[in-house]
Amino acid sequence: MDEYPFKKIEPKWRKWWEDNKIHHVNLDDSTEAKKYIVVMFSYPSEKKLHIGHWWNYGGVDAFSRFIRMRGYNVFEPMGFDAFGLPAENYAIKNNVHPAITTRKSVKYIREQLKDIGAMYDWSREVDTSQPEYYKWTQWLFLQLFKTGAAYRKKAPVNWCTDCKTVLANEQVLGNGTCERCENKVITRDMEQWFFRITDFADNLLKGLDDLDWPEATKSMQRHWIGRSEGTDIDFKVVNHDETIHCFTTRPDTLFGVTYIVLAPEHELVVKITTDKQKAEIDAYVEETHRYSDIERLAADREKTGVFTGAYAVNPANGEELQIWVADYVLKTYGTGAVMAVPAHDQRDFEFTQKYNLSVKWVIGTSDPHGTIETDRAFEEYGIMHESGQFDGMTSEMGIEAVNEWLSSRNAGKSTVRYRLRDWLISRQRYWGAPIPVVHCKKCGLIAVPEDELPVLLPEKNVDFTPRGSSPLGSCKEFIETKCPECGGEARRDPDTMDTFVCSSWYFLRYLSTDSQDQAFNPDRINRWMPVDVYIGGPEHATGHLIYARYIIHYLNSIGLIDCKEPFKKLIHQGIINHKGQRMSKSKGNVVNPDPFVEKFGSDCFRLYLMFMGDFRTGGDWSDDGIIGIRRFQNRIWRLFLAWEHVNSSVGVPACDRIMDVSNDLSNVEPNLKRLLNYTIREVTNDLENFDFNTAISRLMELVNELYKQTADKDNVDPAYMKLALRTLTILIGPLAPHMAEELWHRIGNKDSLFNQKWLSYNKDAIRQEEVTIVIQVNGKLTDRLSVIKGTSEEDLKEAALKSEKVKRRMGDKALKRVIYVPNKIINIVC
RNA sequence: GCCGGAGUGGUGGAAUUGGUAGACGCGCUGGUUUCAGGGACCAGUAUCCCCCGGGGUGUGCGGGUUCGAGUCCCGCCUCCGGCACCA
C-alpha cells in the first residue's frame, strides 16, 4: 500500500516557500485589509521547543493561514525573548557566557520553529538580547525617564542571604526561602528604578471594557488593579506636631475606632515612639525585616504588634487612641496606616483578642431583634449607632455623611486607592538591557543622549557570579564614564531592566526591524496596530499583559502612537499535560516533539495536537492516537493517487466551472454537493473559532464519505471527483500546509495554495430534502420518521400516532398534547 | 477565605446553545484480503436485563423548573488555575 511520503514532501515545500518568498509580507501595502496575528514569542533559555510550543504555534499558524486565504494581508511574526535569568543561572553554573548559550539556543530553536512549517516572515525576526533591539528598549526607557514616568526610590526588595542577590517575587518560595538554594530570603531597602504604572491605573481599568478578551483574564486584571473608593482620615498625634493619615473604605465605622496601627516601615514610627517603648519597637521593626514580603503576607500568620507609647485623637469624638506598630499593615498600600475598628474588621478583631484591646460596636443590623454575634467582627453594612449625629443612618448614607463632615472640618477627604503598585524594573543582574542613565556627583541622574544608544552590555571582563551588587558594577570599562552634561567623572547605572520591559513593546518592533534609526515607524504602527489576535498563556494575565498595555497607553499619552490598546482580541492556549501532570524535568514526564516529527512528519504532528482536544483547554499527551492521523493522511494520499487521472482527463472548462463550489452544481450528485458545502461551512466556522479538533473531524468525515461514494469507480463522474479533491485540498491547507501544497500542485496548480482564496458555500445546497423526525413519547425517544422537509404538522402527528412503537409506549393513556419542533422532533405527551 | 474554569464510554474528546447524548479518533471484538507483519478494507463496540423483538438505566452527587435538561435554577462533592492581612 502506498504511504504518504512526508519525508520527501515536507522539506521540498519548505524550501519552495522560502525560495519563492511566499511568506514575505509587504507591510506598506494598503490595498488589502490587514490582520496582525501575534503569538507570544519564545523564551530560548528553555533551550528546546517542547510539545506545548507545537500545540500553540501549530494552531495559531493554522488560524493565520486560514485568515490569509480569506483574503487578508496577514502578518505572523516570530522572535526571541532572549534576555533573562535562566540563561544567566545556567551560565553561572556551567561557567559559559550567557551570550554564547543564548545564541546557541536561538539558533537551535529557530530551526525547530522552521520545522513547524509556519508562515513566519523570518526577515522580521526580533531578538531582545541583540543591541539592534535593546537600543530601542533603552530609548523607550529614556522616554519614560524624560517625562518622569521612570523614577528612583528606595523600596523593600527580596534579598537572598546566600546567593547575595535580589530576587523577583516569583523566585521566592511560599515558605519564604530562595527557590535556588532554599535559604532564607529577607527584605532589604534598596534604591530601585520604577515605572509609574499607577498613573494609568484608571485608564488600564476602563480600557478593559472594550477588549475582546476572556472574561476571566479581564477579571484578574481588574482585581490586580484593585480600585477601591474610600477616605483618608487625619488623626492628630498627641504631644507631637504630626498627623497620621489613615485610609479606610468604612468611614461609617469611625466612632468604633479603638486604636491606630502603623506599618513597621512608616516614617512616623521613629518620631513618635516614647523612650520607654523604643527598645521594644526597634526590636520589632528589626524582626519584621527578617521576613520576606511573601512570608509576612501569609494570611494564616498570627498577628503581632507593639505599642509605641504614643496616642492619636479621633477627629469624630476627641477620644485618645493608642498607636501601635504591626506588620499586618502594609507600608505599600494606602497610607501605610490604619484606623482599627475591631468590631467591624476581622483582622483588627483578632489583633484585639491577642493584645486585650477594647472593642466598640457601632454598626448593627436593621432588624431591631437581630443580634450580632460578638465572637467575630460584623463586617457588613448596617445601621449606625453610638455615632453621635450619625445615629440611625445606613452605612451607605453614613459613608457620605461622615465624608462631608470630615472634609468640612478639614479632617479628611474621600480618595481612590489602587492595589496596583508601581512597576519595579531594575534588576541587579547581568543578562539584561543596561539602564541608560549616568550617575554624576555634580549633575545627578543624567540620561544617556539618544544618539549614544545603545549602551552596550559588555561581554568581556564581567564577573556575573552573584556577590551582592550588580555584576556590571564590577566592570571598570563599563561603569566608568563621563557625564554627558558636565563632562566630569561619572558612573553608569549598574542595573539592567526587567525582561518584561523588553517584551512590553516587541510587537511594535516587528513592524520596523528594517529601520535602524527609529524604534518603530509611526505609519506602519498606525496601519498595523492594534494586534488583531494575540495568543499566549493565561499565566501572563497580571504580568506581561498589564505591562504591555501600560506601555501602549503611555506611548499614546505622549502622542507617539495612535492606538490605545495593544491587543484587540486575546486567546489563551491550553496546557498540555502528560500522565495527568504538568510536564517538568523533575517529574521526568517531558515529551520531546522531535522524535514524533521525525517518525510521523510535521503535518501529522501538528494535526494530531490540534485533533487531541480544544485549543483553549489543552489536554493530556498520549502517544497512542497519532497513528489515526497518519491513517487519515494515507487515506487522503491514496484517494489522490487513485483519481490522479481526472486531472488530465477532465478539461479546463470543467475545472473552471467548478472553481467555486457555491456556483451551479446541477450536474453534481446531490449528496456530494450537500456534503461539500456542509464541510466548507463547518470547517470555516471551526477555524474562525480556533476549534481545530472539530474541523479535522469534519474533514475525516468527508474523506470517509468519498471512499464510500467512490467504491464503484466506474459510476463516478470524474468532474465530480475533481471538485471533491480540490475542495478537500483547500480546506485542509491551513491545518496540514505541506501536504496540501503538494496536493495542490498535483491537481495542476502552479502558484502556492496559500495565495488561493478560501471557499464560500451555498446555503441552499446544504438544505436537506429528506429529514429524520424524532418521535418522543413524554420526552423519551420512541421512533423515527423519515419525511420530505416541510411535511405539515398534521401529517406528522398522524404518522407518529400510527407508529407501533408509539402505540405500545402510550398504552391506554390519553393524548394530552403534541409538541412539534419543525424538522426535528415531535413529542407526544400523554 | 475570595474570584474564575472544569467533571460525559475502556480512552482522547463531540453535542447546532433547551430538542436523537457519545460525532471524529484511539483501543478492543469479529470478518475479508496469496495477509509472515504494528498493512489495507468491512462490520460491531455506553451499560444492564432479555423470550433477540425489545425493555430498563445512564453526562460528579442531591433536589427543582420544563412536554423535554449534559445544557437552565437551588444546595453539595472533587479537581485545576488565579488572588490572598489591600484596610
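Residue numbers begin at 1 in each chain, while the letters A, B, ... track the order of the sequences.
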Consider the side chain of A:Phe247, meaning its heavy atoms from C-beta on, and name the nucleotide among B:rA87, B:rU16, B:rU20 that approaches it most closely. B:rA87
Check whether any side-chain nitrogen or oxygen of A:Lys780 sits under 4.0 Å from OP1 or OP2 of B:rU57, and answer yes or no. yes
Please state whether the rings of A:Phe351 and A:Trp324 are parallel, tilted or perpendicular, taking 30° and 60° as the class boundaries. perpendicular
Measuring to OP1 and OP2 of B:rU20, would you say a side-chain N or O of A:Arg784 lies under 4.0 angstrom away? no
What's the closest nucleotide to the A:Met220 side chain, out of B:rG82, B:rA23, B:rA87? B:rG82
For B:rU17, glycosidic torsion class - syn if within 90° of 0, otherwise anti: syn
Between B:rU20 and B:rG70, how far apart are the C1' atoms? Round to whole Å, please. 14 Å
More than 12 heavy atoms from other groups under 6.0 Å of NZ on A:Lys354: yes
Could you check which of B:rA87, B:rU20, B:rG12 has an atom nearest any side-chain atom of A:Leu781? B:rU20
Phosphate-side-chain proximity, A:Ser228 and B:rA87, N/O vs OP1/OP2 below 4.0 Å: yes
Rounded distance (Å) that lies between atom C1' of B:rC26 and atom CZ of A:Phe611: 9 Å
When the C1' atoms of B:rG27 and B:rG10 are considered, how many whole Å apart are they? 8 Å
Please determine, for B:rA43, whether a Watson-Crick or G-U wobble partner exists with both distances under 3.5 Å, and give it or none. B:rU29
Proximity to the side chain of A:Ser219 - top-ranked nucleotide from B:rC3, B:rG27, B:rG54: B:rC3
Using a cut-off of less than 4.0 Å, is there contact between a side-chain N or O of A:Arg616 and OP1 or OP2 of B:rG81? no
Considering only the P atoms, how many Å lie between B:rG7 and B:rG13, rounded to the nearest integer? 10 Å
Of the candidates B:rC41, B:rA87, B:rG4, the side chain of A:Ala216 sits closest to B:rG4
What I want to find out is whether A:Glu705 reaches A:Arg674 closely enough, with some N-O distance under 4.0 Å, to be called a salt bridge. no
Of the listed nucleotides B:rC3, B:rG27, B:rC67, the one nearest the side chain of A:Ile819: B:rC67
Taking 4.0 Å as the cut-off, does a side-chain nitrogen or oxygen of A:Asn693 come that near to OP1 or OP2 on B:rA14? yes
Between B:rG31 and B:rU47, how far apart are the C1' atoms? Round to whole Å, please. 25 Å
Which pair of heavy atoms, one from A:Cys246 and one from A:Thr335, lies closest together, and at what distance? CA-OG1, 3.6 Å
Flag yes if more than 12 heavy atoms outside A:Lys797 fall under 6.0 Å of its NZ atom; otherwise flag no. no
Taking donor-acceptor contacts at under 3.5 Å, does the side chain of A:Asp624 reach the base of B:rC26? no
Could you check how far NZ of A:Lys807 sits from P of B:rG53, rounded to whole Å? 21 Å
Salt bridge between A:Arg222 and A:Asp209, side-chain N to carboxylate O under 4.0 Å? yes
Spacing of the C1' atoms in B:rU16 and B:rA84 (rounded, Å): 42 Å
Under a 4.0 Å threshold between the charged nitrogen and the carboxylate oxygen, would A:Glu701 count as salt-bridged to A:Arg698? yes
Using a 4.0 Å heavy-atom cut-off across all strands, classify A:Asp348 as base, sugar-phosphate, or nothing. nothing
Nearest to the side chain of A:Lys805, which nucleotide is it out of B:rC85, B:rA14, B:rG54? B:rG54
With a 4.0 Å cutoff (strictly under), does any side-chain N or O of A:Arg419 reach OP1 or OP2 of B:rA84? yes
With both distances kept under 3.5 Å, what pairs with B:rG9, Watson-Crick or G-U wobble? none
Taking the side chain of A:Leu330 as its heavy atoms from C-beta onward, which of B:rA87, B:rC41, B:rG19 lies nearest to it? B:rA87
Assign each of A:Gly628 and A:Glu215 the nucleotide of RNA chain B bearing its closest heavy atom; nearer the 5' end lies the nucleotide of A:Glu215
Please work out if A:Val829 contacts a base, only the sugar-phosphate, or nothing of the nucleic acid, heavy-atom cut-off 4.0 Å. sugar-phosphate
Whether A:Arg808 and A:Glu804 form a salt bridge (side-chain N of Lys/Arg under 4.0 Å from carboxylate O of Asp/Glu) is what I want to check. no
Atom CE of A:Met610 to atom P of B:rC24: distance rounded to whole Å? 20 Å
Among the candidates B:rA87, B:rG54, B:rG27, find the nucleotide nearest to the side-chain atoms of A:Arg808. B:rG54
A:Arg635 near the nucleic acid: base, sugar-phosphate alone, or nothing, with a heavy-atom cut-off under 4.0 Å? sugar-phosphate
Answer with base, sugar-phosphate or nothing: what part of the nucleic acid does A:Gln776 contact at a heavy-atom distance below 4.0 Å? base
Under 4.0 angstrom between A:Arg809 side-chain N/O and B:rG54 OP1 or OP2: no
How about A:Lys807: does its NZ atom have over 12 heavy atoms from other parts shown lying under 6.0 Å from it? yes
Hey, does the side chain of A:Asn685 come within less than 4.0 Å of B:rU16's phosphate (OP1/OP2), counting only N and O? no
Write down the distance separating the C1' atoms in B:rC28 and B:rC83, rounded off to the nearest Å. 46 Å
Considering only B:rC85, B:rG19, B:rC83, which nucleotide approaches the side chain of A:Asp327 most closely? B:rC85
Reckon A:Thr248 touches a base, only the sugar-phosphate, or nothing at all at heavy-atom distances under 4.0 Å? sugar-phosphate
Between B:rA15 and A:Arg698, is there an OP1 or OP2 to side-chain N/O distance shorter than 4.0 Å? no
Over how many whole Å does the gap from A:Tyr418 atom OH to B:rA87 atom C1' extend? 17 Å
Pair of N/O donor and acceptor under 3.5 Å linking B:rC67 base with A:Lys816 side chain: no
Syn versus anti for B:rG9, judged by chi lying within 90° of 0? syn
Whole angstrom is fine here: how far is it from CD1 in A:Ile575 over to P in B:rG82? 8 Å
Nearest whole Å is fine: how far is B:rG12 C1' from A:Leu609 CG? 12 Å
Can you check the distance between B:rU8 and B:rA21, where both ends of the measurement are the C1' atom (answer in whole Å)? 8 Å
Just call it for A:Ile627: base, sugar-phosphate, or nothing, with non-hydrogen atoms closer than 4.0 Å on any strand. sugar-phosphate
What interatomic distance, in whole Å, is found between C1' of B:rC74 and the corresponding atom of B:rA69? 15 Å
